[in-house]
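Order of the sequence lines fixes the chain letters, A, B, ..., with proteins taken first and strands second; residue numbering starts at 1 for each chain.
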Amino acid sequence: MPELPEVEAVRRGVEERLVGKILTEVRVREPRLRRPVPPLAPWIGRRLLRVERRGKYLLWRFAEGTLLVHLGMSGRLAFVAPDVPPGRHDHVDFLFEGSLLRYTDPRRFGFIAPLDADAERAMEARLGLEPWDERLTPAWARAKVRGRRRAVKEVLLFGDVVAGAGNIYACEALFLAGIHPGRPAETLDEDDWARLLAALRALFEAAIAAGGTTLRDHRTVAGEAGAYRGRLAVYGREGEPCPRCATPVRRVVQGGRSTFFCPVCQPPERTAW
DNA sequence: CTTTACACCTGACTGC
DNA sequence: TGCAGTCAGGTGTAAA
């Protein structure tokens with residue numbers, strides 16, 4: 001589910017209500033997430049200083065230590081009234097001085113883990129730059145993928161150039177930039193990267209403003225669906241007319257995942273297949 | 001180094 | 001209705 005805009009919508013909502021508050025209680029009903037939920041008792045009594053986002057990861061910065069939260073494919077965080085009984089997939093409750101933040105995750109692909117300095121360094125080494133990082137220039141991106149013949153769409157998903165794009169926004173950004181998803185990453189010149197980076201930034205900004213894209217699971221922490229879905233140009237629209245040229249949108253499979261694109265607005269040139 | 005395969009889970013949908 | 005098969009917004013590991 002959640003890509004950068006959805007995680008950012010959750011980050012803002014959590015920060016708004018919980019910064020400065022103390023974690024007073026944790027209830028773990030189902031510890032079997034993608035990684036087992038660690039003992040959280042030591043975190044009780046700690047004050048939450050701020051909530052950061054890095055790619056699709058949430059970093060809960062406490063006065064002592066950091067908790068890393070990832071929502072996986074179907075994870076949600078939502079504020080609920082303290083007397084609402086938990087449902088089948090409501091795995092963890094966090095109580096902060098009367099506010100109940102509930103973690104729900106039907107597929108259990110998400111995780112909650114302490115993040116020490118070493119683990120954070122390892123994460124930083126693996127992860128690409130934030131879309132708005134000043135170091136993320138067309139020249140930097142081009143150098144980063146030198147020698148990689150892998151398709152640009154798969155490189156976007158891997159997230160080691162730009163962090164935060166998943167399947168929806170990778171497809172949408174390539175459409176906005178007019179770049180064929182199958183082009184080997186190393187064939188993009190600086191002009192291509194300039195358009196692609198600009199497209200990603202504009203797309204993420206618009207999607208964040210709309211509260212993200214809800215296909216199925218995503219909700220803001222207030223429980224509202226994200227409104228960006230209706231603005232998707234190609235994702236999930238196989239056979240429908242391209243909004244720019246009316247050519248039917250095509251679907252192909254790359255790395256086992258669906259890719260949607262317009263064969264006219266995103267001309268093939270040199271493709272990976 | 002790169003690429004591929006697969007594993008982790010449940011639920012929604014399609015076709016028979 | 002039911003049942004089997006397919007697909008889904010994401011990592012992370014192992015093997016080739």
Query raised in the report: What orientation do A:H91 and A:H89 show, parallel under 30°, tilted 30 to 60°, or perpendicular over 60°?
Result: perpendicular
Report task. Hey, can you tell me if A:H70 and A:F111 have their rings parallel, tilted or perpendicular (30° and 60° cut-offs)? Result -> parallel
**Report entry** 5' priority, DNA chain B, between A:G147 and A:F109 [closest heavy atom]
**Finding:** A:G147
From [atom1] of [X] over to [atom2] of [N], roughly how many Å is that when rounded to an integer?
{"X": "A:E8", "N": "C:dG9", "atom1": "CD", "atom2": "C1'", "answer": "17 Å"}
{"X": "A:L4", "N": "C:dT11", "atom1": "CG", "atom2": "C1'", "answer": "16 Å"}
{"X": "A:R34", "N": "B:dA7", "atom1": "CZ", "atom2": "P", "answer": "13 Å"}
{"X": "A:F158", "N": "C:dT11", "atom1": "CZ", "atom2": "P", "answer": "10 Å"}
{"X": "A:N167", "N": "C:dC7", "atom1": "CG", "atom2": "C1'", "answer": "12 Å"}
{"X": "A:L156", "N": "C:dT11", "atom1": "CG", "atom2": "P", "answer": "13 Å"}
{"X": "A:R35", "N": "C:dT13", "atom1": "CZ", "atom2": "C1'", "answer": "13 Å"}
{"X": "A:L68", "N": "C:dG10", "atom1": "CG", "atom2": "C1'", "answer": "14 Å"}

What nucleotide, of [options], holds the atom closest to the side chain of [X]?
{"X": "A:R148", "options": "B:dT2, B:dA7, C:dG9", "answer": "B:dT2"}
{"X": "A:S258", "options": "C:dA8, C:dG9, C:dG12", "answer": "C:dA8"}
{"X": "A:R251", "options": "C:dG12, C:dA8, B:dC8", "answer": "C:dA8"}
{"X": "A:H218", "options": "B:dC9, C:dT11, C:dG9", "answer": "C:dG9"}
{"X": "A:R149", "options": "C:dG9, B:dT3, C:dT11", "answer": "B:dT3"}

Query - A:G226 backbone acceptor or donor facing A:T214 side chain under 3.5 Å - result: yes
Salt bridge or not for [X] and [Y], using N-O below 4.0 Å?
{"X": "A:R121", "Y": "A:D118", "answer": "yes"}
{"X": "A:D192", "Y": "A:R142", "answer": "no"}
{"X": "A:E52", "Y": "A:R50", "answer": "yes"}

Report task. Determine the Euclidean distance between corresponding C1' atoms of B:dT4 and C:dG9; express it in Å to zero decimal places. Result -> 22 Å
Query - P gap between B:dA5 and C:dC7, integer Å - result: 15 Å
Query raised in the report: Within the pair A:Y235 and C:dG9, is there a side-chain N or O less than 4.0 Å away from OP1 or OP2?
Result: yes
Query raised in the report: Given C:dT11, is OP1 or OP2 found less than 4.0 Å from the side-chain N or O atoms of A:H70?
Result: yes
Requested in this report: Apply salt bridge (Lys or Arg N to Asp or Glu O under 4.0 Å) to A:E154 and list each qualifying residue two or more places apart in sequence or on a separate chain.
Outcome: A:R150
Using a heavy-atom cut-off of under 4.0 Å over every strand shown, decide if [X] touches base, sugar-phosphate, or nothing.
{"X": "A:F111", "result": "sugar-phosphate"}
{"X": "A:Y57", "result": "sugar-phosphate"}
{"X": "A:R32", "result": "nothing"}

Query - Nucleic acid footprint by protein, nucleotides 10-15 of chain B - heavy-atom cut-off 4.0 Å, B for base, S for sugar-phosphate alone - result: BSS---
Query raised in the report: Paired with C:dA15: which nucleotide, if any, by Watson-Crick or G-U wobble criteria at under 3.5 Å for both distances?
Result: B:dT3
**Report entry** Base paired to B:dC13 (Watson-Crick or G-U; both N/O distances under 3.5 angstrom)
**Finding:** C:dG5
**Report entry** Test salt bridge (Lys or Arg N to Asp or Glu O under 4.0 Å) applied to A:D189 and A:R195, step by step
**Finding:** CA-CA 10 Å; A:D189 62 22; A:R195 293 198 320 282; 5.5 Å; no
Query raised in the report: To the nearest 0.5 Å, what is the distance between CD1 (A:I44) and OG1 (A:T24)?
Result: 8.0 Å
**Report entry** Donor-acceptor pair under 3.5 Å, A:R150 side chain vs B:dT3 base
**Finding:** no
